[in-house]
Visitor: 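Got a structure for you, written out below as structure tokens; questions coming shortly.
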Amino acid sequence: MTALPSTPAARLRTGLRRFTGPRPPAVERCELCAAEVGPGHRHLVDTERRVLACACTACAMLFDRPGAETATGAGRFRTVPDRYLSDPDAALDDGSWAGLQIPVGMVFFLRDGASGQVTAFYPSPAGATESELEPQAWEAIRAATPLADELAPDVEALLLRHHQHRSACFLVPVDAAYELVGRMRRRWQGFDGGAEAHAELELFFDHVTRRAHRAQQPSKGRP
């Protein structure tokens, strides 16, 4: 298992090792039952030990069903969901984006389950860089998209891309966010990432767009 430190930034750096470190062994196994797992396998978050673990389909389903918190150890394990949602109507204009003070055109947000704190990250040559998130900036995100309030603690990421005065907004599994930063770090060259990193970014968002389902808009205003 890979230890995830207590702070969001340190936890993210540790999670990224799966995507930036040496290639895994030819055969990967579930870290709970040792069953062989293939490419694209699920992950679990151990909320007690703060670890991210590979999981087979059976173990992932075990901790993903209703009542799992009482049947399997008081909610210690949480399955990283496989849902991808999009909000093509996200009303994030240039001014709201500027308020985030992100130097690149992409950011994702993680919510810590223990503290409730929301932290912003963006890709850089060193991996994921934490950006200070002012309360009013997060409220602007919440006003722009209902996906902000859908963000599940520890296991999902709210992913935004701002390009040519338009924003794309997605809710993705947290390991997808780790994968994105790992792929960008491997390809990054020069000041702005270079052609290879930009091509990698396009491939990633094409994949996310194909997988994502359009989120239903709420019928009532959010708090």
Side-chain angles (χ1 to χ4, degrees), residues 1-86 108-119 121 123 127-128 147 150-159 170-186 203-204 207-213 215:
M1 292 186 177
T2 303
L4 296 178
S6 57
T7 66
R11 189 178 312 152
L12 176 63
R13 288 193 296 271
T14 303
L16 285 171
R17 292 173 188 166
R18 293 185 180 273
F19 305 101
T20 60
R23 293 180 63 85
V27 176
E28 290 190 275
R29 297 191 177 277
C30 175
E31 296 179 53
L32 272 69
C33 71
E36 184 176 339
V37 296
H41 58 265
R42 305 284 298 275
H43 291 102
L44 299 175
V45 173
D46 181 339
T47 59
E48 257 183 38
R49 299 179 58 201
R50 312 311 304 175
V51 298
L52 185 69
C54 297
C56 66
T57 300
C59 288
M61 291 179 64
L62 179 65
F63 296 103
D64 197 26
R65 59 184 176 80
E69 64 272 14
T70 57
T72 56
R76 173 179 173 180
F77 293 102
R78 297 192 62 197
T79 300
V80 176
D82 60 358
R83 71 170 178 169
Y84 286 73
L85 299 177
S86 68
F108 63 91
F109 305 91
L110 304 179
R111 187 190 302 276
D112 182 77
S115 67
Q117 176 186 0
V118 177
T119 308
F121 298 91
L147 293 184
E150 286 281 328
L151 179 61
D154 300 322
V155 294
E156 290 186 318
L158 180 67
L159 177 64
F170 301 93
L171 192 68
V172 301
V174 69
D175 48 11
Y178 291 167
E179 179 184 358
L180 169 61
V181 176
R183 288 166 65 170
M184 295 294 289
R185 182 179 180 182
R186 290 195 302 269
L203 288 173
F204 177 84
H207 170 74
V208 169
T209 300
R210 288 194 303 270
R211 289 202 61 172
H213 298 281

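Residue numbers run from 1 in the order of the sequence given. In what follows, every heavy atom counts, from backbone to side chain, and hydrogens, waters and symmetry copies are set aside.
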Visitor: Just verifying a value: how many Å separate His41 NE2 and Cys30 SG, rounded to the nearest 0.5 Å?
Guide: 9.0 Å

Visitor: Taking all non-hydrogen atoms of both residues, which atom of Leu44 and which atom of Cys59 are closest, and how far apart?
Guide: CD2-O, 4.3 Å

Visitor: Could you go through the salt bridge (Lys or Arg N to Asp or Glu O under 4.0 Å) check for Arg78 and Glu156 one step at a time?
Guide: CA-CA 11 Å; Arg78 297 192 62 197; Glu156 290 186 318; over 6 Å; no

Visitor: Kindly compute the distance separating CZ (Phe121) from OH (Tyr178), expressed to the nearest 0.5 Å.
Guide: 8.0 Å

Visitor: Take Thr209 and Phe204 through the test side chain to side chain contact (heavy atoms under 4.5 Å, CB included) and record every step on the way to the result.
Guide: CA-CA 9 Å; Thr209 300; Phe204 177 84; over 6 Å; no

Visitor: Checking Ser115 side chain against Gln117 main chain: does a donor-acceptor pair fall under 3.5 Å?
Guide: yes

Visitor: Just verifying a value: how many Å separate Leu110 CG and Leu159 CG, rounded to the nearest 0.5 Å?
Guide: 10.5 Å

Visitor: Begin from the C-alpha positions of Leu85 and Phe170 and carry the test side chain to side chain contact (heavy atoms under 4.5 Å, CB included) through to its verdict.
Guide: CA-CA 5 Å; Leu85 299 177; Phe170 301 93; over 6 Å; no

Visitor: So how far is it from Arg42 CZ to Asp82 CG, rounded to the nearest 0.5 Å?
Guide: 4.5 Å

Visitor: When you measure from the side chain of Arg111 to the backbone of Pro153, do you find a donor-acceptor pair of N or O atoms at a distance under 3.5 Å?
Guide: no

Visitor: Between His43 and Cys54, does a side chain to side chain contact (heavy atoms under 4.5 Å, CB included) hold up when you go through it step by step?
Guide: CA-CA 5 Å; His43 291 102; Cys54 297; 4.0 Å; yes

Visitor: From Leu171 CG over to Phe109 CZ, what is the distance, rounded to the nearest 0.5 angstrom?
Guide: 12.0 Å

Visitor: Does Gly113 offer a backbone N or O that forms a donor-acceptor pair with the side chain of Asp154 under 3.5 Å?
Guide: yes

Visitor: Take Thr79 and Met61 through the side chain to side chain contact (heavy atoms under 4.5 Å, CB included) test and state the conclusion after the steps.
Guide: CA-CA 8 Å; Thr79 300; Met61 291 179 64; over 6 Å; no

